[in-house]
Amino acid sequence: MCGKRSSAAEHLDSDELEQLSCSCTEVVFSKGDIIFKQNALSSNIIYIKDGLVNVHITGPEKEHILKIAKGPTYLGIPTTLGDKINHYSATALTKAKVCFIDINTFKYFIATNSDFAFEIMVDLCKNELYNFRCCVNHLQKQSSGRIADALLFFANDIFKNDKFTLPLNRIEFGDLTGCSRENVSRILMNFNSEGLININGKKIELLKTDVLNMISQKG
DNA sequence: GCATTAACCACAG
DNA sequence: CTGTGGTTAATGC
């Protein structure tokens, strides 16, 4: 039985949980491992129990990081139910425990348990709202605002700490924020010399989150 | 015009 | 892989 259940799975009864654990395969991925790949066939619902995952897509020009997902969370419901092939890839950024849930079992729960289905819908809705926000931010904020956003995101949502080690290199951080790698370097160094952050390679400490918030909002 | 922003290129640790 | 400097193009006073 799964130790880390989703809020949706809280609505399953013991028979259903039994059924879920029977149709669920747990895999442990190491840092850098590909969990699923864009353009490949997908036939499982992915549930991250634990770990950080990079969700990225190859666009017409270059690679773009859609989001950094932290377990416990579902991943790839849109890419599994929305089409036969994956529209994006997922790569482990840390060691990650992942469950592959059989799609037919998942569909069966959706069909027979409305509380479960509702929780899944809420999850998908929150995701869509988040993506809408990301979309305007990327289009309307300038580079320093987007980078401040990303720093605050890692501190507040991922690590719950103002001091953390960035799990990305500068190129990937650029792919996440929509900046060139050179610009990422420069803006980070600027923040550093202005005393907003303390940076040592990938180790970052946010010193003035109030100013970073200002920069994030002003664009 | 002049300043700002940001991408691209090249080169050095 | 990173940081830096020069160049260039677009945009806004």
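Because only heavy atoms are used, hydrogens play no part in the values below, and waters and symmetry mates are left out as well, while side chains stay in. Residue numbers begin at 1 in each chain, while the letters A, B, ... track the order of the sequences.
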Nearest-angstrom distance from the residue atom [atom1] of [X] to [atom2] of [N]:
{"X": "A:Lys62", "N": "B:dA6", "atom1": "NZ", "atom2": "P", "value": "13 Å"}
{"X": "A:Leu166", "N": "C:dT2", "atom1": "CG", "atom2": "C1'", "value": "13 Å"}
{"X": "A:Ile199", "N": "C:dC1", "atom1": "CD1", "atom2": "C1'", "value": "13 Å"}
{"X": "A:Phe173", "N": "C:dC1", "atom1": "CZ", "atom2": "C1'", "value": "16 Å"}
{"X": "A:Asn192", "N": "C:dT2", "atom1": "CG", "atom2": "P", "value": "15 Å"}
{"X": "A:Gln142", "N": "B:dT4", "atom1": "CD", "atom2": "P", "value": "12 Å"}
{"X": "A:Met189", "N": "B:dG13", "atom1": "CE", "atom2": "C1'", "value": "14 Å"}

Checklist outcome for this item: side-chain hydrogen bond (donor to acceptor under 3.5 Å, both in side chains) test vs A:Lys67 passes for just one of A:Asn131, A:Asn127, A:Asn54, namely A:Asn127
Between the side chain of [X] and the main-chain N/O of [Y], is any donor-acceptor distance below 3.5 Å?
{"X": "A:Ser193", "Y": "A:Met189", "answer": "yes"}
{"X": "A:Lys49", "Y": "A:Cys99", "answer": "no"}
{"X": "A:Arg146", "Y": "A:Lys141", "answer": "yes"}

Next on the checklist: Running the 4.5 Å side-chain criterion over Ile, Leu, Val, Met, Phe, Trp and Tyr, what cluster does A:Ile35 land in, apart from itself?
Outcome noted: A:Val27, A:Phe29, A:Phe36, A:Ile46, A:Ile48, A:Val53, A:Val55, A:Ile57, A:Leu66, A:Leu75, A:Tyr88, A:Val98, A:Phe100
Using a cut-off of under 3.5 Å, enumerate the N/O to N/O pairs linking the protein to nucleotides 7-11 of chain B.
unit_1 : atom_1 : unit_2   : atom_2 : d
B:dA7  : OP2    : A:Ser180 : N      : 3.3
B:dA7  : OP2    : A:Ser180 : OG     : 3.1
B:dA7  : OP2    : A:Asn183 : ND2    : 3.1
B:dC9  : N4     : A:Glu182 : OE2    : 2.9

Checklist outcome for this item: Taken to the nearest 0.5 Å, the spacing of A:Tyr74 OH from A:Glu119 CD works out to 10.0 Å
